[in-house]
Enquirer: 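This is the structure, below, for whatever I ask next.
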Amino acid sequence: MTADAPETTPEPDAALRLPTPDDPRADALLALTRLMSRWASLDFQRSVAEASGVALDSTAVRALYTLGIEPEPAGPTALARALGLARPAASKLIARLAGAGLVSRTPDPGDRRAARLVLTADGRAVFDRLFSAGVDMLGDATRDWDPALLREFTRLLDGFVGGLLTADPASAADPASAVDPAPAADPASAADPASAADPAVPAVPPSPR
């Protein structure tokens, strides 16, 4: 008889290993995950709206942000994708924003069957107030930073976003890619009861003169 070979634990596939604690990519991923979870949370979006004096639910706030920061008008499909919403939910949201006088539909010059979403004058005024509130919050978070450090942070963040947009998601050989920090749908829209119940957008208080 031959002695049984000792049992060995199979080596896990390298692609399935989590980054080691001393891996700077792991630290960056954790920091980004905390940022996304915080920024997309219902409480944070509500606090931004309240700070700007805007009576909108968090989904509508994110929609105005998305439309306001884009250099070109976005279509309904692009907005739905950006917010992590299904087309029916996005259509209802657009209808609510249009009914509140914040968004208008304009014909797409490249496709007569399609439309583009544009902020109205009132919608732009609300976006400006939301953006200003966000700037103030960022100022509070970086009050102890040297201006040069804030400029360097902005430069690095722009570079990171540019690299992220051009990265190949199929290249999953990087262990850091084994952890998905964000679900396919925006957690704020899933947690926001307003997006599920689809209430009417409350009236927006007039901008201070």
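Please read all numbers here as calculations on a predicted model, not as lab measurements.
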Enquirer: Nearest 0.5 Å please: distance from the OG atom of S132 over to the CE atom of M137.
Expert: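 Atom-to-atom, S132:OG and M137:CE are 12.0 Å apart.
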Enquirer: Working note: L79 + L67, criterion side chain to side chain contact (heavy atoms under 4.5 Å, CB included); need CA distance, chi angles, decisive distance, verdict.
Expert: CA-CA 8 Å; L79 180 63; L67 296 175; 4.3 Å; yes
Enquirer: List the atom of L32, the atom of F160, and the distance in Å for their closest heavy-atom pair.
Expert: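 For L32 and F160, the tightest heavy-atom pair comes out as CD1-CZ, 3.4 Å.
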Enquirer: Within a reach of under 6.0 Å around OH of Y65, are more than 12 heavy atoms found that belong to other residues, nucleotides or ligands?
Expert: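 Atom OH in Y65 is packed in, count exceeds 12.
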Enquirer: Mind checking whether L156 and L164 sit in one hydrophobic cluster, side chains of I, L, V, M, F, W, Y counted as touching below 4.5 Å?
Expert: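 In one cluster with L156: L164, no.
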Enquirer: Please check if the side chain of T120 supplies one atom and the backbone of G101 the other of a donor-acceptor pair under 3.5 Å.
Expert: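 Pair found, side chain donor or acceptor close to backbone of G101.
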Enquirer: Would you call R62 and D57 a salt bridge, taking side-chain N to carboxylate O under 4.0 Å as the test?
Expert: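 Answer for the salt bridge query: no.
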Enquirer: How close do L97 and A63 get, heavy atom to heavy atom, and via which atoms?
Expert: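 The pair with the smallest heavy-atom distance is CD1-CB, 3.9 Å.
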Enquirer: Is there side-chain contact between T106 and L117, with heavy atoms separated by less than 4.5 Å?
Expert: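 SC-SC contact between T106 and L117 ruled out.
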Enquirer: Without swapping roles, check the side chain of T166 against the backbone of G163 for a donor-acceptor pair under 3.5 Å.
Expert: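 A pair under 3.5 Å: yes.
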Enquirer: Going from CG on L56 to CZ on R96, what distance comes out if it is rounded to the nearest 0.5 angstrom?
Expert: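 It is 9.0 Å, given to the nearest 0.5 Å.
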Enquirer: Look up atom CD in E152 and atom CG in D146, then write down how far apart they are to the nearest 0.5 Å.
Expert: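 Answer rounded to 0.5 Å: 11.5 Å.
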Enquirer: Under the side chain to side chain contact (heavy atoms under 4.5 Å, CB included) test against L64, which residue among V54, L102, I69 passes?
Expert: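 When V54, L102, I69 are each tested with L64, the side chain to side chain contact (heavy atoms under 4.5 Å, CB included) holds only for L102.
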Enquirer: With side chain to side chain contact (heavy atoms under 4.5 Å, CB included) as the test, would you mind laying out the steps for F127 and L119 before giving the verdict?
Expert: CA-CA 9 Å; F127 168 79; L119 294 180; 4.0 Å; yes
Enquirer: Return the minimal non-hydrogen interatomic distance between R105 and A98, and the atom names on each side.
Expert: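 Smallest heavy-atom distance, with atoms named: NH1-CB, 4.2 Å.
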Enquirer: Kindly compute the distance separating CG (L83) from OG (S58), expressed to the nearest 0.5 Å.
Expert: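 L83 CG to S58 OG: 10.0 Å, rounded to 0.5 Å.
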Enquirer: L149 and F153: same hydrophobic cluster, using ILVMFWY side-chain contacts below 4.5 Å?
Expert: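 Same cluster: L149 reaches F153 through Ile, Leu, Val, Met, Phe, Trp or Tyr contacts under 4.5 Å.
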Enquirer: Quick one: are R87 and P76 in side-chain contact, heavy atoms under 4.5 Å?
Expert: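 A side-chain contact exists here, since the closest heavy-atom pair is under 4.5 Å.
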Enquirer: Looking only at heavy atoms, which two atoms of A60 and L93 are closest? And how far apart?
Expert: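 Heavy atoms of A60 and L93 come nearest at CA-CD1, 4.1 Å.
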Enquirer: Flag yes if L157 and W145 sit in one hydrophobic cluster, no otherwise; membership is Ile, Leu, Val, Met, Phe, Trp, Tyr, and two members link when side-chain heavy atoms are under 4.5 Å apart.
Expert: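 Yes; tracing contacts between hydrophobic side chains, which count when under 4.5 Å, links both residues.
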Enquirer: Nearest heavy-atom pair of G68 and R124: which atoms, and what distance?
Expert: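 For G68 versus R124, the nearest heavy atoms are O-NH1, 3.6 Å.
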